[in-house]
2 protein chains.
Amino acid sequence: MVTSSVTTLSLTELAKHTRQAARQLAVLSTEERNQALDAIARSLESSSAEILAANEADCQAAESEGIAKPLYARLKLGESKLKAAIAGVRDVAKLHDPVGSVQIHRELDDGLVLKRVTCPLGVLGIIFEARPEALIQITSLAIKSGNGVILKGGKEAIRSCQSLVKVIQESLRSTAVNPDAVQLLTTREEIRELLALDEYVDLIIPRGSNSFVRYVQDNTRIPVLGHADGICHLYIDKDAQMEQAIAVAVDSKTQYPAACNAIETLLVHQEIAPQFLPKLVEALPNVELRGDEAAREIIDIQPATEEDWSTEYSDLILAVKVVDSVDRAIAHINTYGSKHTDAIVTESAAIAQTFLNRVDAAGVYHNCSTRFADGFRYGFGAEVGISTQQMPPRGPVGLEGLITYKYQVTGKGHIAATYSGANAKPFTHKEL
Amino acid sequence: MVTSSVTTLSLTELAKHTRQAARQLAVLSTEERNQALDAIARSLESSSAEILAANEADCQAAESEGIAKPLYARLKLGESKLKAAIAGVRDVAKLHDPVGSVQIHRELDDGLVLKRVTCPLGVLGIIFEARPEALIQITSLAIKSGNGVILKGGKEAIRSCQSLVKVIQESLRSTAVNPDAVQLLTTREEIRELLALDEYVDLIIPRGSNSFVRYVQDNTRIPVLGHADGICHLYIDKDAQMEQAIAVAVDSKTQYPAACNAIETLLVHQEIAPQFLPKLVEALPNVELRGDEAAREIIDIQPATEEDWSTEYSDLILAVKVVDSVDRAIAHINTYGSKHTDAIVTESAAIAQTFLNRVDAAGVYHNCSTRFADGFRYGFGAEVGISTQQMPPRGPVGLEGLITYKYQVTGKGHIAATYSGANAKPFTHKEL
């Protein structure tokens, strides 16, 4: 490697090794992958002191640089968080194996059989925040699904990440999983390089700010799983039950305002607005409301500008708009929404059905909080991310987002010529 | 529209109209969509003379410009091709409705129910060759799956396409489908504009040359369904049955050499090569073989260069390489292949399984021709394309490639706070 671009070469080499290790990992049995997860859990336990010390060093460095409190809280691992993360590894081992499911099993003709079988994607590139336990969770999901993984954590967590990956790689040496399947990047520059490695990386999962996700989407040919925006809506229909409407609004906005599935805009039917809006003000004392003209005729709040309708506040701010029909509500959502999760409160089954059918989003909800949009809550066991793309996987994505499938056809010397031309033999297409 | 970029505006406007019409189409019943297909079939029948005259004009213009014979054959519609295409519309109407399937139905808690339901993608952008009946097939698949479609056919077929879209749009006026759901672009410049309309177009399906598909992939943020290359392999193992190996090789190479699922490279185990290769030469008198050194020691053929291993000839040319193990064959395929379809001929079940497991491709075949990689042959009824991407949909894609899904959650005022914190209520996660 006597060239000027040593870094590029070495990242490419690293990715090649990951690819190779992932190809071995892909064909291991369920048992072998679960054994590797068990080995990781045990090593993390026995190396706890070392890991916590590395994290302590990260925390001290971050403190001396004046890190913001919420970021510090996420960076800080501590014994109980580490224990929970290790328990999480064992939980992932218990999940149903997503690899090797037969999705189609069909006779094409006598002795010619088609199977569609799930298999790992290959190599995942995951860029995550400065939260050390995220590395543990991501790695266990990758191994469970038979994928190699190239990890890049937030820079504040660099010592923690290095310590964790060292422990994980060492623990894998005693298992069927090649330790090269798990790799760590440590510099921000490597992210751009990673995004160019479409030959070796099959899926990028960026976690982080909207602008970062958009940067990733715009700078790679590798498929990206994630969402740039979470502009969720709640529509209070004229036939809403008032207490339910208030409870759902409060939960959707305030249960965790920074979450992507919290609402940013509340739409309310003009017939119910005069009763509903004053109660909303009462129920959300800490929330800054910004309204359109019709809302401001009812309650005394700041005006909302055009920009408000497409802003993800991720904060205790809520835009409010009065509409004259469910159709207007749907049109607003389909114009300004980010296809994440949108909800209606109504006692009318017909109006609810119209809303669920016509709103174009990964999640469409009736009489419940948008905050349920989450892989754990959906019963997926683990979540690798939430996708707002139109194509599947869409919405909260569990392990199934980390697998693909292949078509296996087995014959006895069957050739296509038999099924072509004037005397073409017909296919049987019989499900097996 | 008194601006300098009238064209951009008008294409954007057109796409907006398609989007709107598609939103209406998306919520129509199976019956309403099938009735629209029936109306299209009847109108195409009654307007046959007009359509064939437009096609005749295309053919004359193309002839006067000295079009190549195979292209002329594809451009020429004629009565029997048109009849077959109309029958195809009625066949599509008979296919199982891909919209509205419930993929997940789960109780999250008492009265809180999750459903995952399939729904149309939205608007498709399909760029296809100068083959008029392709327009008929694509349009019927789009309407069947509840999607709007923006079509751009090869320029030689412009009059045919205009005539067909006029007839289709007129026929839709008497149905529940808004005619705006089907639109035609007529200039090549519009393709670049179309690729920029990620706000209005949800999936691009480019049909055409490898370089064109790659151009599309590199110039849009819209998901692309298709394949740039079809570099398929056939590996003849040492335990292959000789006659079967020859028959599969001949079919895979010559049954339709221009198809993407025809083989470009044949790998053969060194133990069987001395018997197999001379027979191969005999069986493929019209095929130019290019071999590595080991192959050329056995048969007198041209040398293969490094470039040959990654070339899609789409012609009666075949690269031949001798390998010393199934592992080497797999390594070669995973290095040079395009993840389309790769086959092995062997009597060894163990070696076949190794090959099927380890080759990373959409299709992995044992003892049959690669030419079976096709949606019709797989029993999908219709094919919208073949994808060589790693993520699903992969391989031959039927109607399922034109749909997505949404998560519907219905509650009775359920809020997330109930399931959080110290006294969190557990979810039931019970399948319904």
Most heavy-atom pairs under 4.5 angstrom with chain B, which of [options]?
options: Gln389(A), Arg106(A), Arg371(A), Arg358(A); answer: Arg106(A)
options: Gln255(A), Arg116(A), Glu347(A); answer: Gln255(A)
options: Pro393(A), Ala373(A), Gly401(A); answer: Pro393(A)
options: Ala26(A), Ala247(A), Gly379(A); answer: Gly379(A)
options: Ile344(A), Asp360(A), Leu356(A), Val364(A); answer: Val364(A)

Quick one: which of [options] has the most heavy-atom pairs under 4.5 Å with chain A, could you say?
options: Tyr256(B), Tyr378(B), Phe376(B), Tyr419(B); result: Tyr378(B)
options: Ser252(B), Ala362(B), Gly363(B); result: Ala362(B)
options: Ile415(B), Val117(B), Asp218(B), Thr418(B); result: Ile415(B)
options: Ile104(B), Thr370(B), Asn334(B); result: Asn334(B)
options: Asp202(B), Val409(B), Thr404(B); result: Val409(B)
options: Val27(B), Thr354(B), Leu121(B); result: Leu121(B)

Parallel, tilted or perpendicular: ring planes of Phe427(B) versus Phe372(A), cut at 30 and 60 degrees: perpendicular
With a 4.5 angstrom heavy-atom cut-off, is it the side chain or the backbone of [X] that approaches chain B, or both, or neither?
X: Glu400(A); result: side chain
X: Glu199(A); result: neither
X: Ala352(A); result: neither

Mark yes or no for whether [X], through its side chain, and [Y], through its backbone, hold a donor-acceptor pair below 3.5 Å.
X: Tyr405(A); Y: Arg394(B); answer: yes
X: Lys412(A); Y: Gln244(B); answer: no
X: His429(B); Y: Phe380(A); answer: no
X: Thr410(B); Y: His366(A); answer: no
X: Lys406(B); Y: Asn357(A); answer: yes

To check you understand the geometry: which heavy-atom pair defines the closest contact between [X] and [Y], and what is its length?
X: Pro120(B); Y: Gln390(A); answer: O-NE2, 4.5 Å
X: Pro392(A); Y: Ile403(B); answer: CD-O, 4.0 Å
X: Ala416(A); Y: Ser369(B); answer: N-CB, 4.0 Å

Is it the side chain or the backbone of [X] that comes within 4.5 Å of chain A heavy atoms, both, or neither?
X: Val359(B); value: backbone
X: Ala361(B); value: backbone
X: Ala417(B); value: both

Residues from residues 107-115 of chain A approaching chain B under 4.5 Å (heavy atoms): Leu108(A), Leu112(A), Leu114(A)
Enclosure of Glu243(A) CD (heavy-atom neighbours >12, cutoff 6.0 Å): no
Validation row: His414(B), Asn367(A) side chains within 4.5 angstrom (heavy atoms): no
